[in-house]
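Just below is one structure, and these are the notes that go with it.
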Protein chains: 2
Amino acid sequence: MRAFRIVVAAHGDLADAFVSAARLIGGDIEDLQAVGLRPDDSPESFGERLAAACPDDRPLLILTDLVGGTPHNVALVVARGLPTATVISGVNLAVLVEAATCTDALDAGTVERLVALGRSALTDASSLAASRSP
Amino acid sequence: MRAFRIVVAAHGDLADAFVSAARLIGGDIEDLQAVGLRPDDSPESFGERLAAACPDDRPLLILTDLVGGTPHNVALVVARGLPTATVISGVNLAVLVEAATCTDALDAGTVERLVALGRSALTDASSLAASRSP
C-alpha cells in the first residue's frame, strides 16, 4: 500500500485524463484523485474542490500541470495549510505512474527521485532511437 | 507561424486533454493534433490513425506520453518513415505550450531547448515555494 495520497490538479480534462491513463497502464490505483479546472471555475471554487480532495489524514502528493497556471497556484495555497503535502509541477505520465506505484515514504529522497525520473522520461526519443540503431 | 506541425500521441483521452489544456492557455493553436490510443485499438489501428495525422509535407514534432507505451512505440515507427519528424517522450504541458508557441525551425537546438524547458518545469514546487518565502 502506498504511504501517501496523490491528487492531480490540472487545466480542463487533463487531470482526469492523467488518472485514466495511469489506470489504463497500472490497473486499479487507489488513493489517486483528479481535480480539473473548469472553464467556469474561479480560483476560489477550484480551491474549494481541491481542498476537499486533500484531507489532512495522510501525507499527500499534489501533481500540477504548469507553474504559473491556476491549478498550480491554488495547489500551493492548499498545500501551505497541510504540513505533509508536497507539490510537484510539470506532471507527466512517467512521474504519475512512478508515484502511483511507489511504496516508500513521501520524504525528500522520494520526491527527488520522482522528479529525476519524470525529467529523465522527458527526452528526445528520436536521437535515442537513432543511437540504438545498428 | 510555427515552422512545424505538432501531434500528441498518448493513452486514452490524455492526448485530447493535452491539446484542450494547451488551447485553454494559448488560445487557438493551429497545426496541433491529438491521437489517443483507445481501449479497443491494436498497435496497427492506432498506427494507421497516427500516420494519417502525420503528413510528410512539413517538419513534425510528435510528443508522446510514456517511453515503452504503445503510443510512443508506434510513434517511433511512424517517425522512422518521416525524414523530418522528431519524437519527444514524456510530454508535459510546459513542453507542449512551449512547442506550440515556438517560432524557430525544428532543428537539434530547438529540440534540446524544448526538452530542457520541459524538464525544468517538472520540479519540487514545495521546496521552491519554501525557498521563496520571506
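Per chain, numbering begins at 1; letters A, B, ... match sequence-line order.
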Membership question, hydrophobic clusters at under 4.5 Å side-chain separation (ILVMFWY): are Val8(A) and Phe46(A) in the same one? no
Which residues in residues 47-61 of chain A have a heavy atom less than 4.5 Å from any heavy atom of chain B? none
Would you check if Leu93(A) and Leu14(B) make a side-chain contact, meaning some heavy-atom pair closer than 4.5 Å? yes
Can you list the residues of residues 110-117 of chain A that sit under 4.5 Å from chain B, counting heavy atoms only? Val111(A), Val115(A)
Can you get from Val91(B) to Phe4(B) by hopping between Ile, Leu, Val, Met, Phe, Trp and Tyr side chains that sit under 4.5 Å apart? yes
Cut-off 4.5 Å, heavy atoms of chain A, and the answer for Ser120(B) is backbone
Counting only heavy atoms closer than 4.5 Å, note whether Ala79(A) contacts chain B via side chain, backbone, both or neither. neither
Taking side chain as C-beta onward, heavy atoms only, is Leu122(A) less than 4.5 Å from Ile88(B)? yes
Does the Ser89(A) side chain pair with the main chain of Ala121(B), one donor and one acceptor, at a distance under 3.5 Å? yes
Which residue pairs satisfy the ring pair (Phe, Tyr, Trp, His ring centres under 6.0 Å) criterion with at least one member in residues 78-101 of chain A, sequence neighbours excluded? none
Please determine, among Asn92(B), Asp65(B), Leu66(B), the option with the most heavy-atom pairs under 4.5 Å with chain A. Asn92(B)
Are there residues of residues 18-44 of chain A that reach to under 4.5 Å of chain B by heavy atoms, and which ones? Phe18(A), Ala21(A), Leu24(A), Ile25(A)
I'd like to know if Val74(B) and Ile6(B) are part of one continuous hydrophobic network [Ile/Leu/Val/Met/Phe/Trp/Tyr, side-chain heavy atoms within less than 4.5 Å]. no
Which bit of Ala108(A) is near chain B, if near means a heavy-atom gap under 4.5 Å: side chain, backbone, both or neither? neither
Answer whether the closest heavy-atom distance between the side chains of Asp124(B) and Thr86(A) falls below 4.5 Å. yes
Whether over 12 other heavy atoms sit under 6.0 Å from Asp16(B) CG: yes
